[in-house]
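Notes follow the structure.
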Amino acid sequence: MKNKIQGLHHITAIAGNAKQNHDFYTKILGQRLVKKTVNFDDPGTYHFYYGNEHGTPGTLLTFFPWEGIGKGTPGNGMATEITYSVPAGSLEFWEQRFKENNVSFGEKGERFGETYLPFTDPDGLNLSFIIPKSADNREAFTTPEITIDTAVKGFHSTTLSLDKIEPTAKILTEIFGYTLLAQEGNRYRFVTDAVENANYIDLLEIPGGKRGYNAGGTNHHVAFRVPDEETQMAFRELILEKNFGITPKIDRDYFYSLYFREPGGVLFEIATDNPGFTVDEPLNELGTHLKLPKQHEYLREQLEQTLPKID
Ligand code: ZN
């Protein structure tokens, strides 16, 4: 369905040390680094994209690693949990792997009839693995240690913490095409039928809850997926009609972006599928070269010396 948002495109968070971030996501979680570039708005900082083999939208967690940044605090007005889908029966493997690698993790729990395992990355970012009730047929990226029986499939959902869910819920339902699926306590699950995966958003209502502080180990923005720029610009019109401020279309080399702050305080992005990550590297070499956008290419020599080494 072209007139609905196609679930999550990517989620971006802030990290501290680049190598620590890279090692955690590639070695411990077994994600593929699909693009090693810089923050287009701050080229002295990396921008890492982790996902499946192709860097398919809905699998992409991205980071700005700012060396020495202080620790942020998750809270209202922020995405406070990022949830990946993993295969049935794999949570015991992950608990064991987390123990062996000193990854901080919590007790397994259940939400809407699905079992999940919460854990944090080295900067304290809240993540979880969940076994979805309905089959997740996405092809996971595997490594010698993380086989198809245990490998991460991509996003299941993200949780936004909010003072009041209603204004944000209206964006999801009236503009993006989501519907309220279920409620458990103060957690409201929204779903879109436009895609089969990465199709849930949980809104957690915490009236008077502390605002989040955006720094290391916290979410920066949540990007929603559209197939192309034509659909993207149609959403821009809808958002303008509701009197929200929104940026013009911005070229991010691997997709086109629009940004707007939803009324609950979370920075939302609408990102296209086109042109994708193979626009400047072949599939088998994704993530192996430092890629710079043309406006920063003149800085290459300097950046290759100053950006932290990660391998
Ligand atoms: Zn983004």
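Remember, it's a predicted structure, so these values are computed and weren't measured experimentally. Here, residue 1 is the first one in the sequence, and each next residue gets the next number. Each ligand, and each atom within it, is numbered from 1 in the order the structure gives.
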Which residue, Thr59, Thr26, Asn21, forms the side-chain hydrogen bond (donor to acceptor under 3.5 Å, both in side chains) with Tyr50? Asn21
Around the Zn ion (ligand 1), number of protein N/O/S atoms which are nearer than 2.8 Å: 3
Let me know which of Ile239, Leu267, Leu162, Ile175 forms a side chain to side chain contact (heavy atoms under 4.5 Å, CB included) with Glu262. Leu162
May I ask you to check whether Glu139 and Asn52 show a side-chain donor-acceptor distance below 3.5 Å? no
Roughly how far, to the nearest 0.5 Å, is the CG atom of Asp193 from the OG1 atom of Thr179? 6.5 Å
Would a line drawn from the ring center of Phe129 to the ring center of Tyr116 be shorter than 6.0 Å? no
Is there a side-chain hydrogen bond (donor to acceptor under 3.5 Å, both in side chains) between Thr37 and His47 once you walk through the steps? CA-CA 5 Å; Thr37 181; His47 192 180; over 6 Å; no
